[in-house]
Amino acid sequence: MLDVGPEHPQFGRAIECSCRIDDQQMADYERLLRISELGSLVDCTFDNFFTDGIGLPPAKRLRLKFVFENVLNYAKNPFGWLVLKGGYGRGKTHLAAAIANYRINHGQPVLFVNTPDLLDHLRAAYSPTADVGFDDRFNQVRNAPMLILDDLGTQSNTDWAQEKLYQIFNYRYNARLPTVVTTNQELEAIEGRIRSRLVDHRLVQILTIIAPDFRRAGFDETQPDLSTLDLHNDQTFSTFNLRERELPQHEANNLQRAFEAAKAFAENPVDWLVFNSIAHGNGKTHLAAAIANQLARKGEVVLFISVPDLLDHLRATYSPSSVIKYDRRFNEVKTSPVLVLDDLGTESATPWAREKLYQLLNHRYIARLPTVITTATPIKDLDPQLESRMMDESRSTFFVIKAPSYRGKIRTKRSTHR
């Protein structure tokens, strides 16, 4: 009992010994460690995180350092929630584990668990042979002094799983308990009730990691997921064949001018550049890819995609199973900092396709967003509304490549002597 006078509210009441409180806290701490999954992640610290990334341009190195510094500050003072977004292998789990290891090394209890494994732990607690009953296990999770949920969105979204995750998030949201979430999903794909809590800027800090996959050094994943530029990474200005020993002089000169126009656009991407030619395989796509590759290597965000593939991606968003809404996907293309549309005119020219392409290109025309288009369709056969924008000399350079296909029979350059 406390040594207090009769007027004190605790007079005559038994209180728990401080040593028992310490024992209880230690027991709670050990229980959290038993269900935590740091395992091989105990070596993930802030000291061994690559803050410069792998081959990142300066702007993206600065962004990665910004994320790193904010995560480190959160580890030191974990107020509110932290959401780490980004693709596979970009360091989200490393940073989340670094938070856990930092807190544990400072004597603070942390529950670090992969989201699907957490749900497995809860299911297992229903078993009559379980060491810990479901209620106790569930309370351990939602009351953890710090909870780190790795890979939210990779779990099987049964009704039961969604209900339990919502209960955990809602409880911790109301109690303002420190919570860290990592996900490779867009937040739009996460269950609505949970998402509404994850996007509350009063409590939650959302950090997106823009970096290549650390497990695949040299492979650039900083570009949009729609982009197929990685399939054209060998198509650069240095690998472009000007065919000077093969083509007649007027065709060689024309190809040289196309090459120079492409290089000029890559140096200063303003308005539109259109490469047109009835012939297939004469360098249009190579030049467009060379522009995209040069800009991407300077740190620009470039979306390179063929028109038929783009329309397929847009159609796929109408599926009930799609995790990406049509509006978000369309807006991603419409507002891309640099857009390269390959093979315009090879798509199925349905009214829907024509409408979407017009909406997309009309927006970029009005907004004067850098756009490169290749097409083997005669200009008179394209949609008149698109033709008028591509032929507007104040906003578009329309270049007709006169060289024949590389894939045809190679012609020897004609002699200029008679």
Side-chain angles (χ1 to χ4, degrees), residues 55 57 218-220 223 227-300 302-309 338-347 370-382 386-387 390-391 393 395-418:
F219 180 78
D220 186 6
Q223 300 302 327
S227 184
T228 57
L229 185 56
D230 60 301
L231 302 177
H232 301 268
N233 57 18
D234 62 330
Q235 293 181 316
T236 65
F237 289 116
S238 63
T239 62
F240 188 78
N241 182 4
L242 287 168
R243 306 164 71 186
E244 293 167 319
R245 298 176 61 84
E246 169 200 338
L247 297 175
Q249 192 65 53
H250 73 283
E251 291 179 354
N253 290 343
N254 171 264
L255 194 59
Q256 177 70 41
R257 290 195 299 273
F259 179 81
E260 291 169 356
K263 288 199 74 173
F265 189 92
E267 290 298 324
N268 183 29
V270 176
D271 289 327
W272 290 17
L273 175 62
V274 181
F275 286 122
N276 175 244
S277 174
I278 297 175
H280 291 275
N282 63 355
K284 298 186 298 297
T285 295
H286 190 135
L287 288 175
I291 293 169
N293 280 314
Q294 180 165 311
L295 289 171
R297 286 164 189 166
K298 290 195 298 185
E300 296 288 344
V302 183
L303 173 50
F304 182 105
I305 191 168
S306 74
V307 174
D309 286 347
V338 180
L339 176 64
V340 181
L341 283 180
D342 193 32
D343 280 338
L344 176 67
T346 59
E347 71 281 355
T371 305
V372 178
I373 299 170
T374 76
T375 177
T377 302
I379 189 65
K380 63 182 178 60
D381 294 338
L382 290 172
L386 299 185
E387 176 192 354
M390 286 190 286
M391 298 300 289
E393 293 182 0
R395 300 192 182 190
S396 175
T397 298
F398 190 92
F399 197 102
V400 178
I401 297 179
K402 298 177 180 178
S405 172
Y406 284 98
R407 304 184 186 99
K409 183 179 179 180
I410 296 178
R411 299 185 298 176
T412 303
K413 187 176 179 179
R414 294 173 185 165
S415 171
T416 58
H417 300 287
R418 296 294 181 186

With rounding to the nearest 0.5 angstrom, report the [atom1] to [atom2] distance, [X] to [Y].
{"X": "Glu251", "Y": "Gln249", "atom1": "CD", "atom2": "CD", "result": "10.5 Å"}
{"X": "Gln235", "Y": "Leu231", "atom1": "CD", "atom2": "CG", "result": "9.5 Å"}
{"X": "Asp309", "Y": "Leu341", "atom1": "CG", "atom2": "CG", "result": "11.0 Å"}
{"X": "Met390", "Y": "Thr397", "atom1": "CE", "atom2": "OG1", "result": "13.0 Å"}
{"X": "Leu273", "Y": "Phe398", "atom1": "CG", "atom2": "CZ", "result": "10.5 Å"}
{"X": "Leu247", "Y": "Leu242", "atom1": "CG", "atom2": "CG", "result": "9.5 Å"}

Can you sort out the partners of [X] under side chain to side chain donor-acceptor pair (under 3.5 Å), two or more places apart, ordered by chain and number?
{"X": "Thr375", "value": "none"}
{"X": "Thr236", "value": "Ser238, Thr239"}
{"X": "Ser396", "value": "none"}
{"X": "Asn233", "value": "none"}

Under 3.5 Å donor-acceptor pairs involving side-chain atoms of residues 260-270, not counting sequence neighbours:
unit_1	atom_1	unit_2	atom_2	d
Glu260	OE2	Gln256	NE2	3.0
Glu267	OE2	Gln294	NE2	2.9

Counting distance only, does the side-chain N/O of [X] pair as donor-acceptor with the main-chain N or O of [Y] below 3.5 Å?
{"X": "Lys284", "Y": "Ile373", "answer": "no"}
{"X": "Ser277", "Y": "Lys402", "answer": "no"}
{"X": "Asn293", "Y": "Ala289", "answer": "yes"}

### Query
Is there a side-chain contact (heavy atoms from CB on, under 4.5 Å) between Phe399 and Asn276 once you walk through the steps?
CA-CA 6 Å; Phe399 197 102; Asn276 175 244; over 6 Å; no
Taking all non-hydrogen atoms of both residues, which atom of [X] and which atom of [Y] are closest, and how far apart?
{"X": "Ser405", "Y": "Ala279", "result": "N-CB, 4.2 Å"}
{"X": "Asn254", "Y": "Ala403", "result": "OD1-N, 4.2 Å"}
{"X": "Ala288", "Y": "Val372", "result": "CB-CG1, 4.0 Å"}
{"X": "Ala292", "Y": "Val302", "result": "CB-CG1, 3.7 Å"}
{"X": "Pro404", "Y": "Arg243", "result": "O-NH1, 2.8 Å"}

### Query
Excluding sequence neighbours, so at least two apart, what forms ring-ring contact (aromatic ring centres under 6.0 Å, His included) with Phe304?
His232
### Task
Just jot down the ring-ring contact (aromatic ring centres under 6.0 Å, His included) partners of Phe259, sequence neighbours excluded, or say none.
Phe237, Phe240
Set of side-chain contact (heavy atoms from CB on, under 4.5 Å) partners for [X], sequence neighbours left out:
{"X": "Ile278", "answer": "Pro378"}
{"X": "Asp343", "answer": "Thr346, Thr374"}
{"X": "Asp234", "answer": "none"}

### Query
Heavy-atom distance under 4.5 Å between the side chains of Val340 and Leu303, does that happen here?
no
### Message
Listing request: all salt bridge (charged side-chain N to carboxylate O under 4.0 Å, His left out) pairs with a residue in residues 269-281, at least two apart in sequence or in separate chains.
### Response
Asp271-Arg368
